[in-house]
Amino acid sequence: MPRQGCAFGQNWKVQMESDYLKRSVGTCLAKGLAEVVELRPADPIEYLAHWIYKYRKNLDEEKKRDLERAKLEQEREEAQVELEMLEKIKEEQLMINQKLAEEQQAQLKRELEELELKRLVEEKAEELLLQQKAQENAVNVMGESEEESPS
């Protein structure tokens, strides 16, 4: 009976090792062995060793390219965000410039209205002065007329 327990333990261990090998090198070995069978090189062990080395190198390069792609994508996204921020800043600057121009236009309009009002006040003051002088002249002329005609 103890042998059955040992056999079960060994089968379980073999199964675990088999699973590990399938997960870690299964795809690589399957592809490499398929190529060895297809090409039938003179030294299949050396060929398989070189093939596995190249396979690993290709995986490393692919991983490196993926990392570079991810980095480039991240940089592109950051550049896009920066571009959007610059566009927002430009829009805000345009709005600020537009409001500033409107305020300047309103200030000019107020200044023109003030100048026009000042001109009207000066004209009215001049007109009143002229009327006052005309009345004074009329009074003086009447006074002179009365002095000249003593009858």
Problem set entry | Linked hydrophobic residues, Leu108 as query - side chain contacts closer than 4.5 Å | none
For this session: Scan residues 113-133 for pairs that pass salt bridge (Lys or Arg N to Asp or Glu O under 4.0 Å), counting only residues two or more places apart or in two chains.
Result: Glu116-Arg119, Arg119-Glu123, Lys124-Glu127
For this session: Please list, chain by chain and in numerical order, all residues satisfying side chain to side chain contact (heavy atoms under 4.5 Å, CB included) with Pro41, sequence neighbours excluded.
Result: Val36, Leu39, Pro44, Tyr47
Exercise. Of all residues at least two apart in sequence or in a different chain, which pass the side chain to side chain donor-acceptor pair (under 3.5 Å) check with Gln74?
Worked result: Glu78
Problem set entry | Over 12 non-hydrogen atoms of neighbours within 6.0 angstrom of CD in Gln105 | no
Exercise. Under 3.5 Å, is there a donor-acceptor pair between the Glu103 and Gln107 side chains?
Worked result: no
Exercise. In the hydrophobic clustering (ILVMFWY, side-chain contacts below 4.5 Å, transitive), which residues join Ile45, or is it alone?
Worked result: none
Determine all donor-acceptor pairs shorter than 3.5 Å in which one atom belongs to a side chain in residues 79-92; sequence neighbours excluded.
from, atom 1, to, atom 2, distance (Å)
Gln80, NE2, Glu84, OE2, 3.4

Exercise. Once you round to the nearest 0.5 Å, how far does CG of Asn137 lie from CD of Gln132?
Worked result: 11.0 Å
Problem set entry | side chain to side chain donor-acceptor pair (under 3.5 Å) involving Glu73 - partner list, sequence neighbours excluded | Arg76
Exercise. Taking only residues at least two apart or on different chains, which pairs with a member in residues 43-63 satisfy salt bridge (Lys or Arg N to Asp or Glu O under 4.0 Å)?
Worked result: Arg56-Asp60
Seminar exercise, completed: Contacts of Arg69 meeting side chain to side chain donor-acceptor pair (under 3.5 Å) (sequence neighbours excluded), chain-then-number -> Asp66
Exercise. Taking the hydrophobic residues Ile, Leu, Val, Met, Phe, Trp and Tyr, and joining any pair whose side-chain heavy atoms are under 4.5 Å apart, which ones share a cluster with Leu128?
Worked result: none
Exercise. Who are the side chain to side chain contact (heavy atoms under 4.5 Å, CB included) partners of Ile52, not counting sequence neighbours?
Worked result: Cys28, Leu29, Leu48
Exercise. Nearest 0.5 Å, what's the OH-NZ distance between Tyr55 and Lys31?
Worked result: 4.5 Å
Exercise. Residues in side chain to side chain donor-acceptor pair (under 3.5 Å) with Asn97, at least two apart?
Worked result: Gln93
